[in-house]
Amino acid sequence: MVAYGCMFNVERRTLQGILFKLKLKKYRSRKLTLCDLQEISPESLKDWTAQTLGELPWHFLRKVMALNGTARNTSLGHGDLEDEAVSEDEEELNIDDYFCFSDTEMEVSLHPLDVLCAVLLCSDNFLQQEILSKMSMCQFALPLLLPALDTPKCTLMLWAMRDIVRKWRPHSLAESRGFREESLVLTSMPTISFVRMGSCSFSKSKLLNAVLSPSQQHHDFFVHRDMESGNVPREIADGLVEISWYFPNGSKNSDLFSEPIAVTNLHGDIESHWLQFNFLMKVSTLTFIFVERLSEREYVLLSSLKEAGTNLYFMLGSKAEKSKDMLGFLKKLVLDLKLRKSHLLFKQSTTNQAEFVKKLRTTIGRITKFPHRRVTMEDMAEAARELGIQVDEDCKECQSSSKCVKEISAEIKDVAKYKREMLRLQGDLGKTVAKVEKELCRMRKPRTTHLEKYESELKEKLVALHQEKNQWDLTDGLVQFINGIACLSQVERCYFLKWMKLSLDHITRGNLASLKAEYKEKCKTSGSDPQELAELSKLIAARSLGSEHFMRELGQFYEAEHSRVKQSKITESQKQFICLPGIAADLMLEGFPMELIDGDASNIPLQWVTDVLTELHAKLGGRSGMLVLTVLGVQSTGKSTLLNTMFGLQFAVSSGRCTRGAFMSLIKVAENFRQDLGCDFILVIDTEGLKAPELARLEDSYEHDNEMATLVVGLSDITIVNMAMENATKMKDVLQIVVHAFLRMEEIGHKPNCQFVHQNVSDVSAHEQNVRDRKHLLEQLDEMTKAAAKMEKQIKAMAISDIMDYDPEKHNWYIPGLWHGVPPMAPVNIGYSERVCELKNYLFEFTKSCSANRSLKDIPQLTERLRSLWNTIKHEHFSFSFKSSLVDEVYNQLSMNYAEWEWGFRKEMHLWVSEKETFILNQPVADLNFSVFKTIALEKLQCGEQKIMDCLQQYFARKASDLHLMEKYKEDFIRSTKTLKNDLKTHVFSKCEEAILTQIGRLKSHNIQINYMKIIEGEIDQLLANCRRSTKQLDDKKLESKFETVCHETSLCPLQNCQVDGDMEPQLRNDLMNRRIAIPEVLQGAGSLKDYRMNSFKMKSKYLEKWLIRRAGLHKDSYLQKAKDIAKSLMDQCQDYIEEKVISKTDYDKAYCRELLCVINERLQEADVRKCYTNAFFEVDLKLHILGEAAHEFQKMHEVFIQENNPQKHLEKFKPQYLSRFKDLYLGKDSCQKRARDFCEHCLKPALVDYVKKRIATEIVDDFLSNGQAIKYGCKIFFQFTVEKKLLEDGNFNNYLNYVNSYEEFVQSWIHRHLLDYYNKTSGLEVPEREILSTIVKKVRGVLEHAKDIKPNSISAFLDDFCKALEQDLVVSKDSLVGILFKNTAMAQQFSADIQTFLPDLEQQILSEFKELELESKLSSLPLKPQDEMFKQVSGFAEASIP
């Protein structure tokens, strides 16, 4: 024990000495971390040739992180090699000194394994893991057992190797071209160990390198004495056990071994490191012991291996044959260990190296073909624990974290199913939310012509989706994940996330392997169902699962909770997930990549990402100046590997496409380098590959790539475009995407630097040889820029230099391929590593040179840019959102001009419609031909459209200096004009058709009244004759009594009443009979239409074809909601139709039911309805409720018509006139003047009032827009600004809710109130009312004057001429004329003169009555609502794309 203690103290002192030399003593307590290594400092720009021993650890670390194969070289550089050679040539030779072999050179260096051991000892477990992963890529042997440097026993590096995954193709899978991919520590394979007893004249490690290297591609897996500094004596690395592997690639000609094997190498002799030797004996299939000296002591030790569970082979040096003593002990050993001849291998000085290596490989291959022992690294850990050897992952933090992860992963069997059931918010629900949010911005698929209504529907849908998200609770797995990242210590959290990655990757690999095997088998089978293969392909794509999915789900919960706060469902104090952004920020500071874009949904959870970045800003104390560097490129061109190599980052690397989207990682800049570099941190953004084959068939794949490129270029200061030569066919597409993205940035003055990286170009003369290629690339980029500018409607000539900072000579990088040889045994190409380092150094130098001219962008500015960019991308019309203030000004000026032209067109058509309505209401039925009016309307509309087109042409023909900025928007205004024309066409046709129907109803009523008037006139003629025959003069009282008696005895037949529901039900049944097979049966249980109303319609689960939904694997509730939304929109549409007919005040027509059924059937045949899987119950119930509502309303309309046209009521209405005329005729009085007054009161006055009401709305809009309100209502932007500013000033939260939830209704109400406020503060409507009335009265007077000259024969002829002359202006009620014409024998000329006498008083009377009315009452009674017209002005198509 004393001897052991002394030895341990010596080893400790040696260790302290080594750490002192390497300047690592301070890292014994505070371990080196990956973040320390990632930190950007002035040393990052240095050429890492170590000049002193203290620089060796950093030389090793930086080179190994950069995958440089020279990382293990510990020779110190003392100047240029050429200078040293010249110095030696000039130095005088002293032959005595020359042969005094000094170890000076060895004393100024250290053995590479000593440096490795010291670095690992001073690194934390996570940096150790990263170091070994990089060493594995370089095909360096890895430390399996670390010597007992500061611990009683050595340490097994299990955790350090956990993250290594290897792919290979065993010969058993060669024909099928399959492969295996597995974590190194979980792969079971035979282990071959090489140890030595005593010293050895030849290098064991060098021999192993020869065994593992193909003849044409030698590689130094193990450090040996003939390597640089390999001859320096080891000081602390004795007892180190290294391990390397051989993995076949499936080629029987080139593979050295058919199956994977592990090879271990113990440094130092076994006598001094018996514990390590014992361990190797327990885990090895085959053990080779190198022996050159065998004495009693060695014999005793080796003979104790009788019970070893491994095949022992002895490799004997040349001295063995010459020593008789050694031969004697060797014979005894052969007998004791029962060795055969093949177990002894002799390596003499004359032995051919190649032949000996071949023999050694044959021996290994023979034993490992059918090995009796295969072990995994985890099996080795168990063996180590039995021997008391420490295992690096046995620490408390690692084990407790592993336990937490196992609780989560135990529930994951089927990845796709787990994601669907446990990570619900990011599945179909999350994707639907993202689509609705984008559609809300883009408005590309409106089902109605009313964009505002469609927008309102989308907002309602979005609220419903957020409510659905809020209904879900955290699953057990998520709760455990939150506990893992929130409740554990910082070290435990890092272990937890690493275990999550390892565990989920392992599960995913297993799931993918089985699915890919199934896919492969189905592809082989002839007649495979393409649909089935497509479904399998989707399942393979959905099998990706990592910690990022759990973080994404938490982000979705955070977003959902935030939406509840915005809707005032909960308060800020009730938020459960408020701590999550802070935790995510901590993870970013610890080096974990953070998801920026959810690639599955092509969406950014904006609130989540910005809140995480805001927390990050706070944790950094506000010092968060950022340089943003991004990589873009085709899929599988090594983008992530490039960034990981350049900066030592941990972006996921996969040859398949596991995750989509973009991830960001934070790199700290050292304090002493921040001023030089001009930033505090570098934010590196890694993106998914563009032009991915699995996305190529999706209709939005190009859009998806464009969105991503635009976003990351917009955020970037430097963009690396990564291109691989073997993907040259896709390069042009990628360049087009990149050019478009840069072009959009040019519009906002953002001009990032662009570096083109051409990978897999290994020729040393590549840069020189590719001068022509660079010139061709520049020409291509210029050509693409011009094409992109044209597509983006830029009219100025543009070159690539206008949109990006690009120098063809300096910004093109030619990088060799990543692998030097054929994987899986190929190391990383040193040329690749060195060129990547050159690129990195150039980027830092470039950043330094630009730092003075670059404005520092901190996190708040970055989040604002992110918010703006994403909002722009969601709106899709990038140019609108990226316009400069100058473009804004010019665009708004054009918008205001266009608004004037648009209103001129609308006004002209409203006045035309008003005239035609009046004209129609003055025509007989025979002249009511709709096609005639339709033709005239089309000519009028074409004329109005052309007038706006001419105005646009003249506007753009002007030579205004800034007008060129608007050229690309000209087409938008042309499209807007065509849309306006179509909208007006629909309105005009509808109004004319409605007027014709109204006139038909009026004439029907009038004919009824004419017939009744003749009956009454006959009765009164008879009464008059009887009274005149009477000898007694009758006074007024008796005349009235006689008149009342006649009226009472006159029999007038009432109009026939009909039952509307009875008429509609047969039509409904006939419609349904031919629709679906099951409908007649469904209809059997339906009652009368009287029992149904729209407000009683409720969605029921029986309305859906559940078996179809189940077969599709979909969620029933979402489809129920979709069907409910469709039903609501359809009922709203039908309600508008019903109200339109009711307002017309005509009688019910059977055509109304047919038209309603036609509207319903057309909607139900649309694609989105069919995708809801509704059934016959849905169609029948929906039609019953809609027609039930219609029947109810039309019945009331019919009854009102019957009541209004009741003959008895008509008689009562005109009885005073009939009685007055009866008295005058009996007494022989002249009643011309009285009749003229009655005409003015009952006929002319209503017509004049109606005329004013029809014209006043257009005058109000004209007046309103010409009196200081034009700017507010000039275009949509100004109007929305006005409304939102008022909302802010009022501070009424309910108004905000109404504005968001019912935009159209709120804005119309707001305009109405604005109108009331404006006219209440002025003289009201008196001026326009007087002007309109005066105009028409003047026209009436002219007609009356003209009538004097014509001199019509009768009052009837005079009134016909009067109405004909004013048929485009006034609608004189023919029913009212009945009373005027009754027994009217006056002269037409006198009648006309009497009317003119009463006109001034009539005009004043009308104006007085107008004045007495309340303003609100006036506006509400107008047939054309001014607030509606003004709303159309500010919700037009031309401005719809402006944010």
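Contact annotation: the side chain of M315 never approaches that of C200 to less than 4.5 Å [non-hydrogen atoms, C-beta and beyond]. Looking at heavy atoms from C-beta onward, P143 lies out of side-chain contact with Q128 at the 4.5 angstrom threshold. The closest side-chain heavy-atom distance from F221 to L208 is not below 4.5 Å. A heavy-atom distance below 4.5 Å is not found between the side chains of V211 and F288. Side-chain contact between R385 and D394: present, with at least one pair of heavy atoms (C-beta onward) separated by less than 4.5 Å. Proximity of F222 to V263: side-chain heavy atoms (C-beta onward) are separated by under 4.5 Å at one or more points. For the pair V115 and H59, the minimum side-chain heavy-atom distance is 4.5 Å or more. Using a 4.5 Å cut-off on side-chain heavy atoms (C-beta onward), M377 and S183 make no contact.
R166 places a side-chain N or O within 3.5 Å of a backbone atom of P824 that can act as its donor or acceptor partner. Checked by atom type and distance alone, the side chain of D392 pairs as donor or acceptor with a backbone atom of L158 at under 3.5 Å. The backbone N or O of G239 lies less than 3.5 Å from a partner atom in the side chain of Q276, making a donor-acceptor pair. A distance-only check finds a donor-acceptor pair linking the side chain of D379 to the backbone of T376 [under 3.5 Å]. Between the side chain of Q217 and the backbone N or O of A826 there is no donor-acceptor pair closer than 3.5 Å. No donor-acceptor distance shorter than 3.5 angstrom exists from the side chain of R234 to the backbone of D114, with no hydrogens or angles considered. T285 contributes a side-chain N or O that, together with a main-chain N or O of R373, makes up a donor-acceptor pair within less than 3.5 Å. Checking side-chain atoms of H219 against main-chain N and O of C138 turns up a donor-acceptor pair under 3.5 Å. A donor-acceptor pair is defined here as one N or O able to donate and one able to accept, closer than 3.5 Å; no such pair exists between the side chain of E397 and the backbone of Y495. Under the 3.5 Å distance criterion, the side-chain polar atoms of S304 are matched with a main-chain donor or acceptor of L301.
The pair E259-R374 does not meet the salt-bridge criterion, since no charged nitrogen lies less than 4.0 angstrom from a carboxylate oxygen. Between D163 and K498 there is a salt bridge, since a side-chain N of the basic residue sits under 4.0 Å from a carboxylate O of the acidic one.
Residue L286 comes nearest to T310 through the heavy atom pair N-OG1, 3.4 Å, listed as atom of the first residue, atom of the second, then distance. Across E235 and T14, no two heavy atoms sit closer than the pair O-CG2, 3.6 Å. The minimum heavy-atom distance linking L337 with S303 is given by the pair CD2-O, 4.2 Å. Scanning all heavy atoms of the two residues, the minimum distance from A262 to M189 falls at N-SD, 3.6 Å. P147 and I236 make their closest contact through CG-O, 3.7 Å (heavy atoms, listed as atom of the first residue, atom of the second, distance). Contact between W245 and M825 at its shortest, heavy atoms only, is O-CE, 3.1 Å.
The aromatic rings of Y313 and H343 sit parallel, their planes meeting at an angle under 30°, below the 60° perpendicular limit. The aromatic rings of W159 and F126 sit perpendicular, their planes meeting at an angle over 60°, well past the 30° parallel limit.
Between the CG atom in L146 and the CG atom in L121 there is a gap of 7.0 Å [rounded to 0.5 Å]. Residue L149 holds its CG atom at 11.0 Å from CD of Q16, rounded to the nearest 0.5 Å. With values rounded to the nearest 0.5 angstrom, N829 atom CG is found 10.5 Å from W819 atom CH2. From M500, atom CE reaches atom SG of C404 across 10.5 Å, with rounding to the nearest 0.5 Å. One finds the CE atom of M227 at 9.0 Å from the OG1 atom of T74 (value rounded to the nearest 0.5 Å). Rounding to the nearest 0.5 Å gives a distance of 5.0 Å between CG of L61 and CD1 of I131.
The aromatic ring centres of F496 and W499 sit 6.0 Å or more apart.
Within a 6.0 Å sphere centred on CZ of R293, heavy atoms belonging to other residues, nucleotides or ligands number 12 at most. Within 6.0 Å of atom CZ in R297, 12 or fewer heavy atoms from other residues, nucleotides or ligands are found, so the atom counts as exposed in its surroundings.
When only modelled atom types and interatomic distance are considered, D505 and T508 share no side-chain donor-acceptor pair under 3.5 Å. Under the 3.5 Å distance criterion, with hydrogens and angles disregarded, no donor-acceptor pair is assigned to the side chains of T287 and S193.
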| task | Would you sort out whether N125 and E393 count as a side-chain contact (heavy atoms from CB on, under 4.5 Å), showing the intermediate values? | result | CA-CA 8 Å; N125 282 12; E393 68 178 36; over 6 Å; no

| query | Which is it for H267 and H111 under the side-chain contact (heavy atoms from CB on, under 4.5 Å) test, yes or no, and what are the steps along the way? | reply | CA-CA 12 Å; H267 292 277; H111 195 281; 5.9 Å; no

| message | Determine whether Y27 and L19 satisfy the following criterion, side-chain contact (heavy atoms from CB on, under 4.5 Å), listing intermediate values before the conclusion. | response | CA-CA 9 Å; Y27 296 110; L19 296 180; over 6 Å; no

| Trace of the side-chain contact (heavy atoms from CB on, under 4.5 Å) decision for L127 with K31 | CA-CA 9 Å; L127 180 55; K31 301 283 189 182; over 6 Å; no

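Taking E407 as the reference, nothing meets the side chain to side chain donor-acceptor pair (under 3.5 Å) condition, with sequence neighbours excluded.
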